[in-house]
Amino acid sequence: MPSNDARNLAQAAVPTAAVGVLAAVVGGVVAGGKGAIGAVVGTVIVILFMGIGLYVLQRTAKSFPQLFQMMGLMLYAAQLLLLIVFMAVFKNTTLFNPRAFAITLVVATLTWIAAQTRAHMKAKILYVEPDRAEKTGHAS
């Protein structure tokens with residue numbers, strides 16, 4: 001993964017992990033150990049799903065730039081549906097507090113999206129790749 005891609009991943013994952021730690025503390029205080037476990041599980045699922053999605057989207061952008069927008073929309077829809085499925089599957093679990101899990105899942109997802117949006121807006125993305133323009137002899 002190139003450094004720019006790693007930077008984008010870190011700029012989204014770090015705030016999400018911080019929110020997850022805060023949610024684990026709040027879940028632990030409000031619902032005990034099972035609340036903290038539910039918050040940690042929710043945070044890990046969000047970071048995994050969104051991180052894999054970001055990686056796939058960046059690979060698609062490099063390989064098939066014409067599919068980038070469609071792939072991004074499809075990917076976010078699929079991720080949100082998978083998160084809803086996880087919430088439904090673990091609704092009645094006794095492994096951890098389902099309420100802490102669900103709230104953390106939603107808050108961590110919103111945090112990831114906000115942090116990723118902020119990182120993208122602050123990134124200095126070239127519209128033309130200088131190496132490619134020099135090889136072809138024109139800067140389209």
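Position 1 is the first residue of the sequence; numbering continues from there. Computed from heavy atoms alone, side chains included, the values below leave out hydrogens, waters and symmetry copies.
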Do Thr43 and Val19 touch side chain to side chain, with heavy atoms closer than 4.5 Å? no

Looking at Ala10 and Pro15, what are the two nearest heavy atoms and their distance? O-CD, 4.0 Å

When you group the ILVMFWY residues by side-chain heavy-atom contacts below 4.5 Å and let the links chain together, are Leu95 and Ile45 in the same group? yes

Would you say Leu110 ends up clustered with Met87 if hydrophobic residues are merged whenever their side chains have heavy atoms under 4.5 Å apart, either directly or through other cluster members? yes

Could you walk me through whether Met50 and Thr16 pass the side chain to side chain contact (heavy atoms under 4.5 Å, CB included) test, one step at a time? CA-CA 10 Å; Met50 296 301 205; Thr16 304; over 6 Å; no

As a quick check of understanding, evaluate side chain to side chain contact (heavy atoms under 4.5 Å, CB included) for Val56 and Met71, giving each step before the final call. CA-CA 9 Å; Val56 169; Met71 184 69 168; 3.7 Å; yes

Enumerate donor-acceptor pairs with a distance under 3.5 Å from any side-chain N or O in residues 97-107 to protein atoms, sequence neighbours excluded.
unit_1: Asn97; atom_1: OD1; unit_2: Arg99; atom_2: N; d: 2.9
unit_1: Asn97; atom_1: OD1; unit_2: Ala100; atom_2: N; d: 3.0
unit_1: Thr104; atom_1: OG1; unit_2: Ala100; atom_2: O; d: 2.7

For atom CD of Gln66, decide whether the heavy atoms of other residues, nucleotides or ligands shown that lie under 6.0 angstrom number more than 12. yes

Identify the two heavy atoms, one from Ala12 and one from Ala115, that lie closest to each other, and give their separation to 0.1 Å. CA-CB, 3.8 Å

To the closest 0.5 Å, what do you measure between CG (Asn8) and CG (Leu54)? 6.5 Å

Would you say Leu48 ends up clustered with Val41 if hydrophobic residues are merged whenever their side chains have heavy atoms under 4.5 Å apart, either directly or through other cluster members? no

Roughly how far apart are Met74 CE and Met70 CE, rounded to 0.5 Å? 6.5 Å

Going from OG1 on Thr93 to CD1 on Ile37, what distance comes out if it is rounded to the nearest 0.5 angstrom? 10.5 Å

In one Ile/Leu/Val/Met/Phe/Trp/Tyr side-chain cluster, 4.5 Å: Leu81, Val85: no

What about Ile52 and Leu82, same hydrophobic cluster or not, with Ile/Leu/Val/Met/Phe/Trp/Tyr joined at side-chain heavy-atom distances under 4.5 Å? no

Residues which pass ring-ring contact (aromatic ring centres under 6.0 Å, His included) with Phe49, listed by chain and number, not counting sequence neighbours: Phe86

Kindly compute the distance separating CD (Gln116) from CG (Leu9), expressed to the nearest 0.5 Å. 9.0 Å

Looking only at heavy atoms, which two atoms of Val40 and Ala24 are closest? And how far apart? CG2-CB, 3.9 Å

What distance separates Phe68 CZ from Thr60 OG1, expressed to the nearest 0.5 Å? 8.5 Å

